[in-house]
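Inspection log for the structure reproduced underneath, given as structure tokens.
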Amino acid sequence: MKQQDILDKVDNSCLSLDFLVMLHCRPSKGVFKHSSYWLKHFFEKKLGMYISNEDMKCSMCRCGFTPTKSSKKDINQYYKIKVLDDGSV
């Protein structure tokens with residue numbers, strides 16, 4: 001596989017994850033009870049591919065969701081979001 005093919009595949013998977021985050025996550029006043037680690041598994045099922053916890057946290061940031069102050073430096077981060085799951089995606 002050529003280097004550009006690898007980069008294109010990575011870019012497409014990031015765009016797919018970002019799209020799903022924007023589709024399923026909404027801002028909320030309360031903190032979502034599950035961490036970035038739970039979100040990673042939720043979106044892995046949607047995408048049908050592996051997602052690292054770091055990729056999940058980066059996607060959340062790219063989509064405008066910042067972790068709570070208390071979890072900002074933690075391995076697993078929490079967000080003020082609600083997750084919508086219509087089961088169809």
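Worth knowing before you read on, the calculation uses all heavy atoms, side chains too, and leaves out hydrogens, waters and symmetry mates. Remember, it's a predicted structure, so these values are computed and weren't measured experimentally.
Tracing side-chain contacts under 4.5 Å through hydrophobic residues (I, L, V, M, F, W, Y), one reaches Phe42 starting from Met49; they form part of the same cluster.
In this structure, Met60 and Leu39 approach most closely via the heavy-atom pair CE-CD1, 4.1 Å. Taking every heavy atom of both residues into account, Lys57 and Ile75 meet most closely at NZ-O, 2.9 Å. Considering all non-hydrogen atoms of both residues, Ser36 and Asn53 come closest at OG-OD1, 3.1 Å.
Lys46 contributes atom NZ, which lies 14.0 Å from atom OG of Ser16 (distance to the nearest 0.5 angstrom). Rounded to the nearest 0.5 angstrom, Asp74 CG and Tyr37 OH are separated by 15.5 Å. For the atom pair Ile51 CD1 and Ser59 OG, the distance stands at 8.0 Å (nearest 0.5 Å). Between the OG atom of Ser71 and the CD atom of Gln77 there is a distance of 5.5 Å, given to the nearest 0.5 Å. Summarising the geometry, atom CE belonging to Met22 is positioned 9.5 Å from atom CG belonging to Leu17; distances are rounded to the nearest 0.5 Å.
Among residues two or more places apart in sequence or in another chain, the side chain to side chain donor-acceptor pair (under 3.5 Å) test is passed with Glu44 by Lys40, His41.
Ring-centre distance between His34 and Tyr78: not below the 6.0 Å cut-off.
Proximity of Val21 to Phe65: side-chain heavy atoms (C-beta onward) are separated by under 4.5 Å at one or more points.
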Inset, instruction - For the pair Cys25 and Tyr79, evaluate side chain to side chain contact (heavy atoms under 4.5 Å, CB included) and give the outcome as yes or no after the intermediate values. - result: CA-CA 10 Å; Cys25 296; Tyr79 304 89; over 6 Å; no
Inset, instruction - Dump the intermediate steps for side chain to side chain contact (heavy atoms under 4.5 Å, CB included) on Lys33 and Trp38, then the final yes or no. - result: CA-CA 10 Å; Lys33 63 182 175 182; Trp38 183 91; over 6 Å; no
Inset, instruction - Please lay out, stage by stage, how Ile81 and Arg26 fare under the test side chain to side chain contact (heavy atoms under 4.5 Å, CB included). - result: CA-CA 5 Å; Ile81 61 169; Arg26 297 292 181 270; over 6 Å; no
Inset, instruction - For the pair Phe43 and Met56, evaluate side chain to side chain contact (heavy atoms under 4.5 Å, CB included) and give the outcome as yes or no after the intermediate values. - result: CA-CA 9 Å; Phe43 288 113; Met56 187 71 244; 3.6 Å; yes
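Distance alone, capped at 3.5 Å, is enough to place a donor-acceptor pair between the His24 side chain and the Leu84 backbone.
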